[in-house]
Amino acid sequence: MINIVLFGKPGAGKGTQAEFLKEKYNLTHLSTGDIFRFNIKNDTELGKLAKTFMDKGDLVPDEVTIQMLQSEVDKNPHSAGFLFDGFPRTLAQAEALDQFLQTKNQTITATVALEADDNILVARLLERGKTSGRPDDQDEEKIRNRYDEYNQKTAPLMDYYKSQGKFHVVNGIGTILEVNERLNVIFDKL
């Protein structure tokens, strides 16, 4: 079983690449963003709570995110592995994920970061916001707030996973196919 954490700022292409990777490597894709959006659309209690944070461009608190993720893993007991997209985002989440996976006799196999220039990513998100209907993709100030959150809370995870020898970086700029080929080089070695 392999468990991969896919990192990258909003707009880096995590969701797009995850679609290819889950098929090729038979992984269950767990996107916290997709799960939150599903709950928001269906007006669940988790969705209402998550929306209050997301509307401000803030991260949803760890305890809410962790419980939701554990539930999703438990729903897929026969999976060949998981592709975590958008989680963990903080050191506390990474530690909680490690502890949870240990209860299942599993670990994180590797983490892969899609890296790209902020200005390119802002332009991508503003373009996506024209068709996605997502309010957090339509306001440059909110987008940049999300990047500040990422830099403060998520970027430190790179050192956490580097110290375990599990951190890889991929250039996220290029065509979808070019980025996918770069990712496959890493995944094929796991």
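Just so you know, these numbers use all the heavy atoms, side chains as well, and skip hydrogens, waters and symmetry mates.
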Nearest 0.5 Å, what's the CG-NZ distance between Leu21 and Lys14?
13.0 Å
Gap between atom CZ of Arg37 and atom CD1 of Ile40 - 0.5 Å precision:
8.0 Å
Spell out, as yes or no, whether a donor-acceptor pair under 3.5 Å connects the side chain of Glu115 to the backbone of Asn171.
no
Distance only, no hydrogens: is a donor on one side chain within 3.5 Å (strictly under) of an acceptor on the other, for Asp98 and Tyr160?
yes
Would you call Arg146-Asp137 a salt bridge at under 4.0 Å N-O?
yes
Co-membership, hydrophobic cluster, residues Phe100 and Met68, 4.5 Å side-chain
no
Quick one: are Asp74 and Lys104 in side-chain contact, heavy atoms under 4.5 Å?
yes
Spacing of CG belonging to Leu6 relative to CG belonging to Leu27, to within rounding of 0.5 Å:
10.5 Å
For atom CD1 of Ile120, is the number of surrounding heavy atoms from other residues, nucleotides or ligands below 6.0 Å larger than 12?
yes
Does a side-chain heavy-atom distance below 4.5 Å link Leu83 with Phe187?
yes
State, to 0.1 Å, how close Pro10 and Leu125 come at their nearest heavy-atom pair, and which atoms those are.
O-CD1, 3.5 Å
Check whether any side-chain heavy atom of Asp34 lies under 4.5 Å from a side-chain heavy atom of His29, and answer yes or no.
yes
Taking Thr111 for its side chain and Lys166 for its backbone only, find out whether a donor-acceptor pair lies under 3.5 Å.
yes
What's the verdict on side-chain contact (heavy atoms from CB on, under 4.5 Å) for Tyr25 and Asp188, showing C-alpha distance, side-chain angles and the deciding distance?
CA-CA 9 Å; Tyr25 298 98; Asp188 287 343; 2.6 Å; yes
Does Leu183 share a hydrophobic cluster with Phe84, counting links as ILVMFWY side-chain heavy atoms below 4.5 Å and allowing steps through other members?
no
Are Phe87 and Leu101 connected in a single hydrophobic cluster, I mean Ile/Leu/Val/Met/Phe/Trp/Tyr linked by side-chain heavy atoms less than 4.5 Å apart?
yes
Check the pair Glu127, Lys130 against salt bridge (charged side-chain N to carboxylate O under 4.0 Å, His left out), reporting the backbone distance first and the verdict last.
CA-CA 5 Å; Glu127 191 61 33; Lys130 292 176 183 176; 3.1 Å; yes
Rounded to the nearest 0.5 Å, how far does CZ of Arg134 lie from CD of Gln138?
10.0 Å
On the six-membered ring of Tyr147, is Lys9 placed so that its NZ or CZ lies under 6.0 angstrom from the centre and within 45° of the ring axis?
yes
Side chains of Ile66 and Gln70: does their closest heavy-atom pair fall under 4.5 Å?
yes
Answer yes if the side chains of Asp62 and Thr90 hold a donor-acceptor pair under 3.5 Å, and no otherwise.
yes
Counting C-beta onward and ignoring hydrogens, is there a side-chain heavy-atom pair between Asp58 and Glu149 closer than 4.5 Å?
yes
What pair of heavy atoms forms the shortest contact from Ala110 to Leu190, and how long is it?
CB-CD2, 3.8 Å
Check: Gln17/Asn180 side-chain N/O donor and acceptor closer than 3.5 Å
yes
Thr65 vs Thr32 side-chain heavy atoms within contact, under 4.5 Å
yes
Work out which heavy atom in Arg89 is nearest to a heavy atom in Gln93; give both atom names and the distance.
N-OE1, 2.6 Å
Check the side chains of Tyr150 and Asn145 for a donor-acceptor pair under 3.5 angstrom, ignoring hydrogens and angles.
no
Over all heavy atoms of both residues, which pair between Pro135 and Asp55 is shortest? Give the atoms and the distance, please.
CG-OD1, 4.3 Å
Are the side chain of Ser79 and the backbone N or O of Asn76 linked by a donor-acceptor pair below 3.5 Å?
no
Might you confirm whether atom NZ of Lys51 has over 12 heavy atoms from other residues, nucleotides or ligands at distances under 6.0 Å?
no
When clusters are formed by joining ILVMFWY residues with side-chain heavy atoms under 4.5 Å apart, either directly or through shared neighbours, do Phe7 and Leu97 land in the same one?
yes
Worked check of salt bridge (charged side-chain N to carboxylate O under 4.0 Å, His left out) between Lys75 and Glu72:
CA-CA 5 Å; Lys75 288 178 187 175; Glu72 293 299 316; 3.1 Å; yes
When you compare the side chain of Ile4 with that of Val112, does any pair of heavy atoms fall below 4.5 Å?
yes
To the nearest 0.5 Å, atom OG1 of Thr16 lies from atom CZ of Arg128 at 8.0 Å
Lys/Arg cation over aromatic Phe20: Lys22, 6.0 Å, 45° cone:
no
Pro88 to Val5 - nearest heavy-atom pair and separation:
CD-CG1, 3.6 Å
With a 4.5 Å heavy-atom cut-off, do Ser31 and Phe38 have their side chains touching?
no
Has the side chain of Thr109 got a donor or acceptor atom that lies under 3.5 Å from a matching backbone atom of Asn3?
yes
What's the separation between atom CG in Asp136 and atom CZ in Phe53, rounded to the nearest 0.5 Å?
15.0 Å
